[in-house]
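Working notes, structure below.
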Amino acid sequence: MLRSVAHVGFECASRGWFRRVDYAESVPATKKPETKLGLTRRARRMVRVLAEGYPDAHCELDFTTPLELLVAVVLSAQCTDKKVNEVTPALFAKYPTAADYAGAERVELEEMIRPTGFYRNKATSLMGLGAALVEQHDGVVPGTLEELVKLPGVGRKTANVVLGNAFDVPGITVDTHFGRLVRRWGWTAEEDAVKVEHAIGTLIEKRDWTMASHWIIFHGRRVCHAKTPACGACLLMKDCPSYGLGPEDPDKAAKLVKGDEKPHLLELADRVRSGEKLVG
C-alpha cells in the first residue's frame with residue numbers, strides 16, 4: 001500500500017540560486033505493528049505448514065527407554081545427534097540401569113563417550129545422574145519437570161526432551177535451532193531459553209509443543225540455516241518476516257536444502273510460490 005506525502009526541497013536554478021519547491025511523492029505506508037492475536041494466528045499457521053513439510057519429524061536421538069534418552073541428551077551437548085547415535089548402542093549395552101552409571105569405572109566410561117566431546121565432564125554428569133536416580137527415585141527416571149530439573153546436569157531443555165519423547169508430556173525444547181528460528185520469525189525477541197520457552201508456549205497450543213519443537217528443529221537443520229537460509233525454497237516464505245535473508249531464486253535456494261525430505265519440501269515451496277495455501 002502506498003501513501004502520498006508532501007515533501008519540501010530546493011531546486012537549483014540556472015543562475016546558481018535555489019528556490020523552494022513542494023512536491024508529492026509516493027512512499028510505502030508504514031506497516032502496522034503485529035498484534036498479539038495476529039502473531040498467534042501467524043505462528044499457529046506456520047506450525048501447521050511445518051507439519052505438512054515434516055510429517056515424519058521425530059527426536060533424532062536413538063533410544064528405547066527414558067533412561068537411554070536422558071543419557072543421550074546429556075551426551076548431545078556440543079555434539080551432533082549422529083555422533084551420539086554412533087556411541088550409544090555400546091554404551092546402553094554396557095550400562096542398562098541407573099545403578100550401572102552410578103557404579104561405573106570412570107576411565108572406562110570416559111573412553112566409551114570420548115567421541116562425543118567434553119567426555120570428562122559428561123562422565124561426571126552421567127555418574128552423578130545415575131547416583132541421584134538410585135538414591136532419590138529407585139533408579140527410575142521421573143516423569144515430571146519439577147523432579148527432572150532437580151537431577152544433576154538436567155536443565156529445562158533436557159527435561160522437556162525427555163518428557164515429550166519418553167512420557168508423551170508436552171514440552172518445548174529450546175535448542176540453538178529453535179531459538180534462532182523463532183526470533184528470526186518474530187515470534188519473540190527473547191534470548192534466554194526459559195523466557196523463549198514461556199513466550200512460545202503462549203503462542204502455540206500445548207498439545208503441539210513437543211511436535212512443534214521437532215518441526216522447527218528439522219526446518220532449522222534442513223532449510224532455515226543460520227548463515228544462508230534457503231528462502232526461495234522455503235514453504236514458510238509467505239509468513240516469514242525475514243524472507244530474503246538468503247537467496248530468493250528458487251534454483252539457488254534449492255541447492256541449500258538438506259535432508260531426505262528435500263523433494264517433498266521443494267514441491268511444497270513451489271505450491272506456495274504459485275499462490276496455493278497449504279493450510280487454512
Side-chain angles (χ1 to χ4, degrees), residues 54-104 109-110 112-119 121-179 193-194 197 200-201 206-218 220-221:
Y54 305 99
D56 298 321
H58 57 279
C59 176
E60 295 188 278
L61 291 169
D62 295 337
F63 71 97
T64 59
T65 68
L67 177 62
E68 289 183 354
L69 178 56
L70 184 55
V71 169
V73 177
V74 170
L75 295 179
S76 70
Q78 305 298 313
C79 182
T80 65
D81 290 351
K82 181 180 179 181
K83 178 58 66 175
V84 172
N85 290 338
E86 292 174 359
V87 169
T88 51
L91 184 71
F92 294 161
K94 177 72 174 179
Y95 306 100
T97 70
D100 292 320
Y101 287 102
L109 177 59
E110 288 181 353
M112 292 192 74
I113 64 175
R114 180 190 289 267
T116 68
F118 302 97
Y119 60 94
N121 289 338
K122 290 179 181 180
T124 298
S125 294
L126 293 181
M127 294 171 69
L129 189 58
L133 288 173
V134 171
E135 294 170 6
Q136 301 170 24
H137 302 283
D138 295 323
V140 177
V141 176
T144 68
L145 181 66
E146 293 73 20
E147 292 177 314
L148 282 169
V149 295
K150 292 178 182 177
L151 297 171
V154 177
R156 291 183 67 93
K157 171 192 167 184
T158 297
N160 279 325
V161 172
V162 173
L163 289 174
N165 296 282
F167 293 103
D168 291 324
V169 175
I172 294 175
T173 302
V174 184
D175 75 344
T176 302
H177 297 291
F178 187 99
V194 176
E197 178 189 337
I200 305 309
K206 187 173 182 178
R207 67 187 183 192
D208 293 330
W209 286 357
T210 299
M211 286 309 304
S213 299
H214 291 319
W215 295 326
I216 292 170
I217 292 169
F218 263 53
R221 289 174 172 171

Can you name the closest pair of heavy atoms from [X] and [Y] and give their distance?
X	Y	answer
L69	C59	CD1-SG, 4.0 Å
P142	L133	CD-CD2, 3.8 Å
Y95	Y101	O-CE1, 3.3 Å
A159	V154	N-CG1, 4.1 Å
Q136	L151	OE1-CD2, 4.3 Å
K122	I113	CB-CD1, 3.8 Å

Discussion item. Show, in sequence, the C-alpha distance, side-chain angles and deciding distance for R156 and V174, and conclude whether the side chain to side chain contact (heavy atoms under 4.5 Å, CB included) test is met.
Written reply: CA-CA 9 Å; R156 291 183 67 93; V174 184; over 6 Å; no
May I ask you to test the [X]-[Y] pair for a side-chain heavy-atom distance under 4.5 Å?
X	Y	result
V71	F92	yes
P170	D208	no
L145	L148	no
L75	L91	yes
E60	F218	yes

Could you measure the distance from the [atom1] atom of [X] to the [atom2] atom of [Y]? Nearest 0.5 Å is fine.
X	Y	atom1	atom2	result
D175	R221	CG	CZ	6.5 Å
S76	K157	OG	NZ	5.5 Å
L61	L70	CG	CG	11.0 Å
I216	I200	CD1	CD1	7.0 Å

Worksheet entry | For V169, the option from T144, V162, L163 that meets side chain to side chain contact (heavy atoms under 4.5 Å, CB included) |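 In the set T144, V162, L163, the residue that makes a side chain to side chain contact (heavy atoms under 4.5 Å, CB included) with V169 is L163.
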Practice prompt. Indicate whether any N or O donor in one side chain lies under 3.5 Å from an N or O acceptor in the other, for T124 and N121.
Written response: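 No, N121 and T124 have no side-chain donor paired with an acceptor closer than 3.5 Å.
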Worksheet entry | Salt-bridge present (K150, E147; N to O < 4.0 Å) |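 Salt bridge absent between K150 and E147.
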Practice prompt. Indicate yes or no for a side-chain donor-acceptor contact from N85 to the backbone of D62 under 3.5 Å, with no hydrogens or angles considered.
Written response: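 Indeed, once roles are kept as given, a pair shorter than 3.5 Å links the two residues.
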Worksheet entry | Sidechain-backbone polar pair: N160 side chain, T173 backbone, donor-acceptor under 3.5 Å |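 Flag not set: sc N160 to bb T173 has no pair under 3.5 Å.
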Worksheet entry | ring-ring contact (aromatic ring centres under 6.0 Å, His included) partners of residues 122-179, not counting sequence neighbours, each pair once |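 Applying ring-ring contact (aromatic ring centres under 6.0 Å, His included) to every pair that reaches into residues 122-179, excluding sequence neighbours, yields nothing.
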